[in-house]
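Quick note: numbers below take in every heavy atom, side chains included, and nothing from hydrogens, waters or symmetry partners.
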Number of protein chains: 2
Amino acid sequence: MDAGFEAHLRADGVEFDATDAELLRTIDSEGSLNRAADALGRSYSRSLQRLTELEEAVGPLVARQRGGSGGGGSELTDEARDLLARFQRLRAEFTGTAEVEETVLFGRVVAREGELATVETDAGRLRALAPDSDGAEAVQVAVRADTVTLHDPGDAPAEVATSARNRFEGRVAAVGEAEAVARVTVDVGAEESLVAIVTTSSVEKLGLADGTPVVASFKATATRASPRER
Amino acid sequence: MDAGFEAHLRADGVEFDATDAELLRTIDSEGSLNRAADALGRSYSRSLQRLTELEEAVGPLVARQRGGSGGGGSELTDEARDLLARFQRLRAEFTGTAEVEETVLFGRVVAREGELATVETDAGRLRALAPDSDGAEAVQVAVRADTVTLHDPGDAPAEVATSARNRFEGRVAAVGEAEAVARVTVDVGAEESLVAIVTTSSVEKLGLADGTPVVASFKATATRASPRER
DNA sequence: GAGCGTTGTTCCCACATAGATACAACCCCG
DNA sequence: CGGGGTTGTATCTATGTGGGAACAACGCTC
């Protein structure tokens with residue numbers, strides 16, 4: 001059971017999605033909307049219709065010429081390339097959040113200041129963004145493994161000297177190394193242990209192994225609380 | 001033009017999405033599939049059909065009783081509540097990535113080790129995950145503003161003592177404070193300045209103002225490179 | 001000027017999704 | 001023992017999305 005998504009960029013009511021990006025990219029490589037459509041196994045009429053819908057919303061995307069050498073052809077505008085680049089970044093970020101592991105902590109909101117909440121969990125207090133959980137007391141806090149930074153306790157920054165508001169002391173419980181990225185679980189004295197994804201070079205530099213004392217920190221603005229079901 | 005998404009959890013070919021979550025939640029509050037369906041303005045037949053599809057894939061979600069006091073009724077199983085909780089966390093994370101600002105840096109891959117790439121940008125070298133940009137030299141790197149941690153330069157951790165591989169020295173260019181969260185732009189000597197989202201209490205503690213020297217750091221595993229269009 | 005392969009336009013059809021309706025089965029309760 | 005409101009089941013219909021085909025318009029090239 002794994003997470004998935006469909007990303008889109010919305011402008012003026014229409015949503016530019018992955019199939020639209022595919023269409024634009026294929027027009028770019030084929031040089032014509034006609035060839036792009038049947039390279040993708042789509043109908044020409046639908047492809048043109050979709051393209052004009054998009055252009056009505058976001059402006060010119062494809063410079064189309066009918067007639068001329070070879071009968072004509074189509075070429076992407078600079079705006080189309082920018083759009084594709086932005087969509088690709090969006091996709092990359094989404095796949096990251098879809099695939100990254102997270103540690104889930106359950107707790108209660110004890111204070112709230114704007115969309116920033118202070119949550120009491122069995123691992124201790126932490127601060128997290130709680131945008132839509134308005135008024136909910138019982139919350140679940142998800143800590144993305146790629147947002148957790150590990151520090152050498154001897155050289156960890158003082159609490160006032162960094163903008164990482166959440167800080168837990170603990171010991172390494174396990175290190176699982178892959179090619180360039182390692183999964184480190186840190187026992188922070190709670191039922192659930194904190195998972196951090198770090199580079200293998202960080203594992204070396206910090207000398208991480210089972211039992212190594214570490215300080216784990218993560219930013220409040222990178223942590224999200226949502227209402228707990230039931 | 002803003003980013004959007006449709007999240008889902010896939011199991012055994014079927015995708016549990018937002019409308020499914022809405023259905024389950026309404027069954028929970030209404031006590032019956034029948035009332036849930038027309039509270040949502042959906043047809044009963046389709047709702048039941050969808051529910052059985054989901055249950056074939058993920059197991060029992062709703063304990064349904066036909067006949068009995070009040071004619072019967074339906075109740076969520078614990079598995080359904082877990083599923084809802086997980087979906088809500090997923091949604092929260094996705095909305096975070098959809099809404100967060102990011103700094104885009106363009107550069108070239110100069111080294112690669114597994115999915116970890118070293119990228120040369122005009123702001124300097126940085127390390128980022130580059131999963132799908134296989135072999136691409138020209139890349140764009142997106143740095144999420146909520147993953148950037150700011151440090152007091154006098155008390156910034158030594159480079160070897162933290163797992164945050166990317167570190168830039170700079171000066172605060174602007175501070176925009178909202179209710180509990182502030183947007184800090186940091187000039188790191190590049191064309192594009194780095195944007196960080198931090199809490200307003202961090203702004204106070206670090207004494208951030210225009211011109212304040214800071215160290216900005218972010219993890220390689222929280223940064224993603226994708227191929228550059230063209 | 002004819003040929004050619006485009007873009008643009010129009011109309012029809014296939015298919016999947018979901019609403020509408022009818023009806024059987026069920027079982028507590030008064 | 002019947003009423004009531006539910007869960008199941010079957011069938012028909014509306015609707016939206018996209019494919020297919022036909023044809024006009026276009027402009028470079030030979």
Side-chain angles (χ1 to χ4, degrees), chain A residues 4 6 8 10 13-57 59-77 79-80, chain B residues 4 6 8 10 13-57 59-77 79-80:
Chain A
E6 296 215 347
H8 59 253
R10 168 178 278 126
V14 314
E15 297 175 353
F16 180 88
D17 64 5
T19 67
D20 298 322
E22 197 181 19
L23 179 61
L24 288 190
R25 258 186 235 113
T26 313
I27 290 175
D28 192 33
S29 62
E30 294 288 331
S32 105
L33 175 56
N34 209 323
R35 285 200 297 275
D38 67 54
L40 292 172
R42 308 183 193 172
S43 72
Y44 171 80
S45 53
R46 175 62 187 150
S47 298
L48 175 60
Q49 179 186 335
R50 179 60 181 164
L51 184 54
T52 53
E53 279 173 21
L54 290 172
E55 288 187 320
E56 271 178 27
L61 293 174
V62 174
R64 285 163 283 177
Q65 188 194 2
R66 99 174 129 177
S69 96
S74 292
E75 201 174 354
L76 297 193
T77 64
E79 291 79 18
Chain B
E6 297 215 346
H8 59 253
R10 168 177 278 127
V14 315
E15 296 176 354
F16 181 88
D17 64 6
T19 68
D20 298 323
E22 197 181 20
L23 179 61
L24 288 190
R25 258 185 235 115
T26 312
I27 290 175
D28 191 31
S29 62
E30 295 287 332
S32 103
L33 174 57
N34 209 322
R35 285 201 297 276
D38 67 54
L40 291 172
R42 308 183 193 172
S43 71
Y44 172 80
S45 53
R46 175 61 188 151
S47 299
L48 176 60
Q49 179 186 334
R50 178 63 180 161
L51 184 54
T52 53
E53 278 173 22
L54 290 172
E55 288 187 320
E56 271 178 28
L61 293 174
V62 174
R64 285 162 283 178
Q65 188 193 1
R66 97 174 129 177
S69 94
S74 291
E75 201 175 354
L76 296 194
T77 63
E79 292 79 19

Find the distance A/L33:CG to C/dG8:P and express it as a whole number of Å. 8 Å
Numerically ordered, the residues 42-55 of chain A set in heavy-atom contact under 4.0 Å with DNA chain C is A/Y44, A/S45, A/L48
Could you tell me the separation between the CD atom of B/E15 and the C1' atom of C/dT17, rounded to a whole number of Å? 15 Å
Is the count of non-hydrogen atoms from other residues, nucleotides or ligands lying under 6.0 Å from A/Q65 atom CD greater than 12? yes
Between A/D20 and A/E15, what is the shortest heavy-atom contact and its length? OD2-O, 3.3 Å
B/I27: which of B/L40, B/L61, B/V62 passes side chain to side chain contact (heavy atoms under 4.5 Å, CB included): B/V62
Euclidean distance, atom CD of residue A/E30 to atom P of C/dG5 [Å, nearest integer]: 16 Å
Would you indicate, yes or no, if D/dT6 has its OP1 or OP2 atom less than 4.0 angstrom from a side-chain nitrogen or oxygen of B/S74? no
Would you check if B/E56 and B/V14 make a side-chain contact, meaning some heavy-atom pair closer than 4.5 Å? no
Would you kindly compare A/G41 and B/N34 by the position of their nearest DNA chain D nucleotide and give the one closer to the 5′ end? B/N34
Could you go over nucleotides 24-29 of chain C and give all protein N or O partners under 3.5 Å, atom names and distances?
unit_1 : atom_1 : unit_2 : atom_2 : d
C/dC26 : O2     : B/G67  : N      : 2.9
C/dC27 : O4'    : B/G68  : N      : 3.3
C/dC27 : O2     : B/G68  : N      : 3.0
C/dC28 : O4'    : B/S69  : N      : 3.4

Return the minimal non-hydrogen interatomic distance between A/S32 and A/G73, and the atom names on each side. CB-CA, 4.4 Å
Would you say B/T77's side chain and B/P60's backbone share a donor-acceptor pair under 3.5 angstrom? yes
Sub-4.5 Å side-chain heavy-atom contact between A/T19 and A/R50: no
Any A/Y44 side-chain heavy atom under 4.5 Å of A/L33 side chain: yes
Just how far, in rounded Å, is C1' of C/dG19 from CG of B/D38? 13 Å
Please give, in whole Å, the distance from D/dT7 C1' to B/R35 CZ? 13 Å
